[in-house]
Amino acid sequence: MTVQFGNPDRPNSYIGKTVPRPNAGRLVEGRGKYVDDINLPRMVHVAFVRSPFAHAKILGIDAKEARLVKGVLRIFTGADLAEVCTPWVAVLAHLKGLKSPPEHPMALDRSCWVGEPVVAVVATSRAAAEDGAALVEVDYDPLPVVADMMTALDASTPVLHPEIGDNLAFQRLHEEGDVDSIFAIAHKVVSARFKTGRHTGVTLEPRSILVDWNPAEGQMTAYHATQAPHMMQTVLAKHLDVPESRVRVICGDVGGSYGIKVHVYPDEVATAAISKIMARPVKFIADRLESFTTDIHARDHEIEAKIAVDANGKILAFDVDDWTAIGAYSVYPRTSAIEGNQVVNLCGGPYDFANYRAKTTVVFQNKTPTCQYRAVGHPIAVAVTEGLVDMAAAALGLDPVEIRRRNMYADDGYPITSPAKMRFEGLSHHQSMDKLVELMDYDALRRDQAEARARGVHRGIGIASFIELTNPSPFMYGIGGARISAQDGCTVRMDPDGSIVALSGVTEQGQGTEAMLSQIVAEGVGVLPSNVRVITGDTQVTPYGGGTWASRGAGIGGEAALRSARALRDSILEVAAAMLQADQASLDIRDGHIVDAESGAGRMPLEELGRIVYFRGDTLPEGLPRELVQTRHYITSEYPFAFTNGVQASYLEVDVETGIVKLLKHWCVEDCGRIINPQLVDEQIRGGIVQGLGGALFEEIHYDDEGQLLNGSMADYLVPMAGEMPDMVVGHVETPTKESMLGAKGAGEAGTAGAPAAVMNAINDALRPLGAQVTQMPFTPERILRALGAIED
Amino acid sequence: MTKVFADRIDIDLMVNGEPVEARVPAGQHVIDFLRQELGLTGAHASCEHGVCGTCTVRVDGASVRGCLMLAAQLDGADVWTIEGLSDSEAIRDLQEAFIARNALQCGFCTPGMLVAAEELLAQGGVPERAAIREHLSGNYCRCTGYEAIVDAVETVARQRAGQVQA
């Protein structure tokens with residue numbers, strides 16, 4: 001029996017409704033439990049002495065003074081931790097040629113970026129640990145620094161890791177069709193150079209971990225702010241030599257993640273290693289400077305790209321040359337080559353064209369490592385693609401909406417394999433564009449823009465279509481050898497009073513995972529969502545799963561929940577049929593009652609069934625299965641990824657005197673397949689858009705030529721604040737994936753994928769009459785004034 | 001040691017309507033005192049230099065950055081944190097509006113956001129959306145994109161002004 005999604009009046013119709021989040025109530029009362037809220041008996045704190053140099057030999061460490069600080073208990077060097085913790089190498093077999101040297105939890109004899117942990121000071125309080133850390137003397141001999149991305153491979157640039165030969169971490173060239181010939185004969189060729197600003201996630205809760213190794217029990221318990229508890233269980237088990245069954249990762253409330261908290265960080269593994277040595281709980285909470293210097297960075301790309309179009313605006317070819325620098329190490333275990341690889345996979349994504357060349361060059365440098373951050377690679381690929389499409393439209397005198405309509409894949413033409421060899425099961429570019437144009441009243445907005453221009457006010461409209469990779473299969477990481485689960489599981493159980501508990505391998509960091517799961521399980525079993533208690537984030541309790549990343553929570557975790565809930569429903573009905581002497585097919589469960597499926601007449605509350613099964617099983621027929629716990633796992637198999645699509649629009653005003661951009665309004669229409677909770681999806685889109693707007697207008701990590709990070713505080717690194725952000729209109733088209741019963745694809749990253757391109761195109765739309773164009777993010781007042789020729793030096 | 005150079009200070013204050021006496025390190029910030037000494041973990045430390053607003057608590061009626069004020073300055077103060085504001089039901093309508101509008105995701109900024117929003121609402125009237133945005137600009141949220149928060153605060157302002165039913 002399948003769920004009749006098309007019938008809104010079906011019984012237990014919670015999938016598709018806005019229901020409140022079960023965890024919101026305690027969070028608004030300050031009753032959340034984040035890692036730093038947890039204190040354990042005998043707990044100690046660790047602070048790290050970090051490299052002040054981007055590249056230096058460590059000649060010696062003198063901790064005599066530090067040991068005298070009251071409260072300081074132990075001091076560890078990289079060599080001390082290497083005795084209990086094996087190093088890791090972050091490569092994936094399917095990213096051919098990717099290389100990276102072994103990395104230890106703390107530097108051994110050389111530091112490779114400003115912020116790399118060198119010495120750990122453990123004390124009875126964080127304050128004492130910091131006081132001790134300040135007194136540790138490290139004798140450094142500075143080495144030549146690789147700071148510039150574009151010269152990293154030059155013969156004159158020193159090689160950062162001599163043992164791996166050169167500064168090239170990874171390179172991939174993908175070519176389809178006859179790109180050079182097309183560019184030679186095309187009606188119009190437009191090229192541009194794009195830069196996306198190196199930025200970071202700025203989770204308000206800094207990275208946090210509390211590890212408690214109990215040698216008497218042989219168990220390691222890690223309270224960890226993470227998106228992937230089972231991955232961390234596997235990593236800690238492997239590198240600290242503990243069986244996986246003896247590593248318990250508990251992930252309670254997490255104060256923002258966005259991809260920042262899905263990686264293995266050296267200082268967090270160091271904390272676990274120290275706990276294993278000291279045999280007591282050790283807490284590490286990053287401070288804000290540590291967050292800026294050691295949380296992964298992302299999006300540091302420079303791209304030379306061109307588009308070829310015919311006289312009608314038909315796209316003939318894209319040619320993209322992408323460069324990115326990833327810091328000193330590829331990040332474990334997802335690697336730092338994925339972002340560049342995504343740029344190759346995603347450029348030109350919405351469009352039906354035949355000739356494609358894309359190359360990514362990924363180099364090492366002496367900066368903080370980069371890795372996957374919300375919408376991995378998409379903001380870059382979408383900016384390049386949509387920037388070029390707008391430039392081509394302008395060169396041909398075509399309207400930006402019209403050129404897209406002429407090139408987007410037809411909604412009825414799926415399945416399709418793109419020139420980048422991405423497989424699309426079903427997308428809705430045209431429907432989405434139609435809806436966007438209607439929502440924003442495009443023609444009226446163009447009139448408003450013209451009227452403003454007549455008054456000397458420079459407003460711009462920017463459109464950005466996009467595709468978005470969600471629901472990844474093992475093709476993302478598993479086939480490359482990474483022990484990262486693409487499968488996820490859910491256990492659903494009925495307790496004696498008829499209430500339901502669901503234990504899921506996907507996790508909650510505020511997206512609404514637990515609300516979404518409660519709705520699915522409620523509908524699947526036939527109870528009220530408020531009667532479903534969802535448990536996530538405990539590896540010793542929940543089925544093994546991947547966690548929450550790459551917009552997989554609803555599509556994969558949700559499907560596992562639906563299947564396990566349906567299985568429990570079947571088990572309950574099997575018992576009910578025996579108790580009621582009825583045909584199982586004639587019974588249903590609605591609002592916590594066994595009912596006659598035909599008439600809806602109540603036959604028995606679940607509570608009564610629970611009483612009999614748990615306490616009077618003697619009254620049931622011998623041999624009758626009474627398994628009121630069911631577990632199901634789900635993995636996608638027909639498509640490597642479930643692509644979603646959408647289109648965004650930005651309306652803004654550029655002050656040509658100051659270069660300041662004022663966002664007036666923003667629209668997004670997206671298609672994430674089946675929507676489980678409309679409000680949660682809308683708010684994921686809005687939050688995602690604003691992270692994209694941050695990248696477009698404000699966010700940029702600055703380094704000097706010596707690899708010193710220059711803006712390591714929230715006062716110096718700007719993120720969107722309430723005052724500058726626009727109201728956002730969100731609309732949907734629903735094209736469910738046919739791979740699953742649920743039909744859900746991901747929604748968490750679409751906002752971030754398209755927003756920067758929409759803003760770039762809007763700014764350039766505003767500036768075009770003035771002959772100016774910007775392509776380097778973030779679009780700061782200075783860059784806009786330079787483009788206008790108002791600043792020169 | 002003379003009082004001038006004392007590294008520990010005695011303070012006597014009210015926290016969430018309850019009397020508190022404590023001897024605090026001279027360098028301890030309000031947020032660390034509340035979280036570590038009193039177990040009031042609702043407000044959070046994040047940027048630790050007065051920018052992000054997650055540590056916002058109410059001291060003598062005003063929104064204060066718990067990371068910029070010293071615990072030693074609290075002698076004689078009347079402090080309210082999210083725990084006390086919840087127990088007293090003082091901002092129940094605002095909390096309900098945040099839940100209904102999903103004006104929180106990870107919840108880390110929320111306790112500070114609520115204190116800051118209540119400071120604006122306590123001024124009475126129905127502020128313009130731009131004024132709400134301006135007032136909350138010292139409280140960062142990385143999850144929601146702010147619109148839902150502005151909606152929730154606007155809704156409560158209207159409810160309190162009697163413009164709509166609660």
Side-chain angles (χ1 to χ4, degrees), chain A residues 18 20-21 23-34 36-37 39 125 127 201-206 253-258 285 287-289 508-512 515 679-680 682-691 693-694 713-715 719-728 751, chain B residues 25 27-28 32 35-36 39-54 81-83 85-87 91 94-96 98-112 114 129-130 132-151:
Chain A
T18 290
R21 286 168 51 200
N23 40 6
R26 65 187 164 76
L27 295 177
V28 298
E29 292 191 13
R31 294 177 187 271
K33 198 184 220 184
Y34 305 87
D36 198 24
D37 299 338
N39 292 297
S125 71
V202 195
T203 60
L204 286 183
E205 178 202 32
D253 289 313
V254 178
S257 51
Y258 329 115
I285 311 291
D287 70 21
R288 193 47 61 181
L289 178 59
E508 169 84 82
Q509 301 100 39
Q511 302 92 331
Q679 183 187 56
L680 294 181
D682 283 359
E683 296 316 313
Q684 278 298 294
I685 298 294
R686 287 199 173 90
I689 287 170
V690 166
Q691 281 195 351
L693 296 177
S713 81
M714 279 202 200
V719 300
M721 295 187 288
E724 298 111 10
M725 288 299 107
D727 282 342
M728 293 159 272
Chain B
Q28 186 171 53
D32 291 337
R35 290 179 52 82
Q36 295 169 14
L40 296 167
T41 55
H44 301 116
S46 179
C47 77
E48 299 180 86
H49 64 179
V51 177
C52 76
T54 60
T81 68
I82 189 65
E83 288 88 350
L85 294 170
S86 299
D87 291 349
I91 58 166
L94 186 58
Q95 289 166 319
E96 294 295 339
F98 266 57
I99 295 169
R101 184 59 190 83
N102 198 42
L104 69 152
Q105 290 184 24
C106 80
F108 201 78
C109 74
T110 311
L114 289 166
R129 287 177 76 79
I132 297 171
R133 287 183 176 278
E134 183 63 29
H135 188 85
L136 297 179
S137 273
N139 289 74
Y140 286 11
C141 170
R142 281 295 263 177
C143 294
T144 64
Y146 300 107
E147 185 172 335
I149 295 172
V150 176
D151 289 347

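The sequence lines fix the lettering, A, B, ..., with proteins before strands; numbering per chain opens at 1.
- Looking at B:Val51 and A:Ser713, their side chains never come closer than 4.5 Å, going by heavy atoms from C-beta outward.
- Neither the backbone nor the side chain of A:Asp682 comes within contact range of chain B, judged by heavy atoms closer than 4.5 Å.
- Looking at B:Arg133 and A:Asp727, their side chains come closer than 4.5 Å, going by heavy atoms from C-beta outward.
- Residue with the most contacts toward chain B among A:Gly510, A:Ala722, A:Pro726: A:Ala722 (heavy-atom pairs, distance under 4.5 Å).
- At least one side-chain heavy atom of A:Arg21 sits under 4.5 Å from a side-chain heavy atom of B:Leu104.
- Closest approach of A:Gly255 to B:Cys106, counting heavy atoms only: C-SG, 3.4 Å.
- Among A:Arg26, A:Met714, A:Gln509, A:Gln691, the residue making the largest number of heavy-atom pairs under 4.5 Å with chain B is A:Met714.
- Here the shortest heavy-atom pairing between B:Ile82 and A:Val28 reads CD1-O, 3.4 Å.
- Using a 4.5 Å cut-off between heavy atoms, B:Ala45 touches chain A through its backbone atoms (N, CA, C, O) alone.
- Put simply, of A:Gly32, A:Pro206, A:Ala715, A:Pro20, the one with the most heavy-atom pairs under 4.5 Å next to chain B is A:Ala715.
- The candidate with the highest count of non-hydrogen atom pairs below 4.5 Å against chain A, out of B:Gln28, B:Glu83, B:Arg129, B:Glu96, is B:Arg129.
- Heavy atoms closer than 4.5 Å to chain A are found in the side chain of B:Glu48, but not in its backbone.
- Ranked by heavy-atom pairs under 4.5 Å with chain B, the first of A:Asp36, A:Asn23, A:Ile689, A:Leu289 is A:Asp36.
- Expressed to the nearest 0.5 Å, how far CD of A:Glu205 lies from SG of B:Cys109 amounts to 12.5 Å.
- What you find for A:Gly30 and B:Pro111 is that their closest heavy atoms are CA-CG, 4.1 Å.
- Neither the backbone nor the side chain of B:Ala103 comes within less than 4.5 Å of any heavy atom in chain A.
- Not a single donor-acceptor pair under 3.5 Å links the side chain of B:Thr110 to the backbone N or O of A:Leu27.
- A:Arg686 and B:Thr144 are not linked by any side-chain donor-acceptor pair at a separation below 3.5 angstrom, with hydrogens and angles left out of the test.
- Side-chain contact check for B:Thr54 versus A:Leu204: some heavy-atom pair is nearer than 4.5 Å.
- At a 4.5 Å heavy-atom cutoff, A:Glu508 makes no contact with chain B through either its backbone or its side chain.
- Of all the listed residues (A:Gly256, A:Gly512, A:Gly688, A:Gly201), the one sharing the greatest number of non-hydrogen pairs under 4.5 Å with chain B is A:Gly201.
- The contact between B:Leu114 and chain A is made entirely by side chain atoms (from C-beta outward), counting heavy-atom distances below 4.5 Å.
- Of the two parts of B:Arg101, the backbone and the side chain both hold a non-hydrogen atom closer than 4.5 Å to a non-hydrogen atom of chain A.
- For B:Phe108, the parts lying under 4.5 angstrom from a heavy atom of chain A are both the backbone and the side chain.
- Considering every non-hydrogen atom in both B:Arg142 and A:Pro720, the closest pair reads NH1-CD, 3.5 Å.
- Heavy atoms closer than 4.5 Å to chain B are found in the backbone of A:Val254, but not in its side chain.
- Distance CZ/B:Phe98 to CD/A:Glu29: 14.0 Å, rounded to 0.5 Å.
- Heavy-atom distances place the side chain of B:Ser86, and not its backbone, under 4.5 Å from chain A.
- A salt bridge links B:Asp87 with A:Arg31; the closest basic N to acidic carboxylate O contact falls under 4.0 Å.
- Between B:His44 and A:Asp37, the closest side-chain pair of non-hydrogen atoms falls below 4.5 Å.
- Contact record, A:Glu683 with B:Ala148: OE1-CB, 3.6 Å, taken as the closest heavy-atom pair.
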